[in-house]
Amino acid sequence: TMNYINHSDAFLLGKELVKPNNPYGLSSNETDSHLMKDSEWGAVAYLSQSKYGLNGENIAINNINLNSGGKSRTNNEGKTGIESVYAVTGLTDGSSDNDEKNLTEAQVKQLKNASADSPTNEVYTWKQKTGTKASSTGTIYGIYDLSGGLQERTAGYIANGNNLTAWGNSLVSENGKSTKYTMIYPHDTLDYNGTSENINSLSKKNYELNKRIFGDAIRETSKDGNNSSTSWFTDWSCFIAQDDPFLGRGGGWSFTRNAGVFCFNRFNGYSAFGNGLRAVLIR
């Protein structure tokens, strides 16, 4: 999965899948490719919980990263681990809330070559029976990495003037209105570039202001938007505000029990090891 690109680059990259000579055989005449919108994340989240998906069961987390010898860092639960530059897609230990696991390149290769439901360091790949617990349907035909892996950038933000052109220039609307490919959320009048208001206070105010918006699996699946584990399945709930105007969904491999399809988080849009993207294809 791709990381270390900012929000603007993620938005541009989401459109590249249908460009001429792309390796997927897609055509812009037949397919619309773009960075996932929050309404599209919401649609997937609801389907995953319906009788056509996991039917009320929590999705398993992709809590695996490739140990690349990175520097030590502390996650959102105060646990220290390795700051790896590699999240590995399609892997899980089958749990929804276990601690992160570090694998070597040799272990990842061994795991991917396994034919039966045999784990490597108690880790499973997407095609193994236990590994399908990390799919939106609980089967090999579902969507993977909705919980953990990399925290996924979406085309949702608030137009408060903070970090928008620095890290999100390509998706920021000049007239301050939502577009076909972006969603601009309302924000409190105290939330603007240069405000002295506390960011956690603004997150809560912005969250309350957006309670009338439905379909994105935020307000209807959470109780609070201010640094808390109050979304369904104790997923992380932190709404956009101040210097963090961009939305991220699903959480990362280090979020442990706070990751999940109903996790939402704020960040400033800069390039980071823990944030990635998912392109949506509409035909």
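Please read these numbers as outputs of a predicted model, since none were measured by experiment.
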Given side chain to side chain donor-acceptor pair (under 3.5 Å), test S135 with T132 step by step and report yes or no.
CA-CA 5 Å; S135 157; T132 60; over 6 Å; no

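- Looking at heavy atoms from C-beta onward, D244 lies in side-chain contact with I199 at the 4.5 angstrom threshold.
- Remark: F233 pairs with no residue by the ring pair (Phe, Tyr, Trp, His ring centres under 6.0 Å) rule, at least two apart or across chains.
- Taking OG of S8 as the reference point, atom CZ of R153 lies at 10.0 Å (rounded to 0.5 Å).
- Through direct or indirect side-chain contacts shorter than 4.5 Å among Ile, Leu, Val, Met, Phe, Trp and Tyr, F267 is connected to no other residue.
- In terms of modelled atom types and a separation under 3.5 Å, the side chain of Q128 and the main chain of A116 share a donor-acceptor contact.
- Once rounded to the nearest 0.5 Å, the distance linking CZ of F246 with CG of N162 reads 10.0 Å.
- Every residue meeting the side-chain hydrogen bond (donor to acceptor under 3.5 Å, both in side chains) condition with N160, not counting sequence neighbours, appears here in chain and number order: D191.
- Using a 4.5 Å heavy-atom cutoff, the side chains of Y46 and E220 are in contact.
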Could you check S95 against D93 for side chain to side chain donor-acceptor pair (under 3.5 Å), going step by step and ending with a plain yes or no?
CA-CA 6 Å; S95 168; D93 68 358; 4.5 Å; no

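- Taking CG of L171 as the reference point, atom NE2 of H7 lies at 5.5 Å (rounded to 0.5 Å).
- Under the side-chain hydrogen bond (donor to acceptor under 3.5 Å, both in side chains) criterion, the residue pairs touching residues 266-283 are E30-R283, T31-R283, Q151-N275, E152-R278, N200-R266, S203-R266, with sequence neighbours excluded.
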Verdict with reasoning, S237 to D224, per side chain to side chain donor-acceptor pair (under 3.5 Å)
CA-CA 6 Å; S237 306; D224 195 8; over 6 Å; no

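- Residue pairs that meet the side-chain hydrogen bond (donor to acceptor under 3.5 Å, both in side chains) test with at least one member in residues 207-217, sequence neighbours left out, are Y185-D216, Y207-S222, E208-K211, D216-R219.
- Aromatic ring orientation, F273 versus Y4: tilted (interplanar angle from 30° to 60°).
- Closest approach of S136 to L54, counting heavy atoms only: O-CG, 3.5 Å.
- A salt bridge is defined here as a Lys NZ or Arg NE, NH1 or NH2 lying under 4.0 Å from an Asp or Glu carboxylate O, and E197 with K205 meets this definition.
- The ring pair (Phe, Tyr, Trp, His ring centres under 6.0 Å) analysis of residues 149-181, with sequence neighbours excluded, yields the pairs H34-Y181.
- When the side-chain hydrogen bond (donor to acceptor under 3.5 Å, both in side chains) test is applied to K101, no partner is found at least two apart in sequence or on another chain.
- Through direct or relayed side-chain contacts under 4.5 Å between Ile, Leu, Val, Met, Phe, Trp and Tyr, Y144 connects to W126, I140, Y141.
- The two residues D145 and N62 come nearest to each other via the heavy atoms OD1-ND2, 2.8 Å.
- The shortest distance between side-chain heavy atoms of V88 and N65 does not fall below 4.5 Å.
- Judged by distance alone, with hydrogens and angles left aside, the side-chain atoms of S33 form a donor-acceptor pair with the main-chain N or O of G14 at under 3.5 Å.
- Without hydrogens or angle criteria, N6 side chain to G269 main chain gives no donor-acceptor distance under 3.5 Å.
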Could you go through I5 and L277, starting from their C-alpha distance and side-chain angles, then the distance that decides it, and tell me whether this counts as side-chain contact (heavy atoms from CB on, under 4.5 Å)?
CA-CA 9 Å; I5 59 172; L277 70 125; 3.5 Å; yes

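- Although no hydrogens or angles enter the test, the distance criterion places no donor-acceptor pair under 3.5 Å between the side chain of S231 and the main chain of T234.
- When all heavy atoms of G251 and C263 are compared, the closest pair comes out as N-SG, 3.6 Å.
- Apart from L17 itself, the hydrophobic cluster it occupies contains V18, Y24, L26, L281, where clustering links Ile, Leu, Val, Met, Phe, Trp and Tyr at side-chain heavy-atom distances under 4.5 Å.
- Scanning all heavy atoms of the two residues, the minimum distance from V261 to I59 falls at N-CG2, 4.3 Å.
- Taking all atoms of both residues into account, the shortest heavy-atom contact from L66 to T104 is CD1-C, 3.4 Å.
- To the nearest 0.5 Å, the span separating CD on Q49 from OG1 on T221 amounts to 9.5 Å.
- The line from OG of S228 to CG of D235 is 11.0 Å long, rounded to the nearest 0.5 Å.
- Counting all heavy atoms, side chain and backbone alike, P186 lies closest to I158 at O-CG2, 4.1 Å.
- Annotation for L202: hydrophobic cluster partners, listed by chain and number, are L190 (ILVMFWY side-chain heavy atoms under 4.5 Å, direct or chained).
- Residues passing the side-chain hydrogen bond (donor to acceptor under 3.5 Å, both in side chains) test with T125: none are found, sequence neighbours excluded.
- A side-chain hydrogen bond (donor to acceptor under 3.5 Å, both in side chains) check over residues 112-124, counting only residues at least two apart or in different chains, returns the pairs D117-T130.
- Note that the CG atom of L91 and the CG atom of L103 stand 7.0 Å from one another [nearest 0.5 Å].
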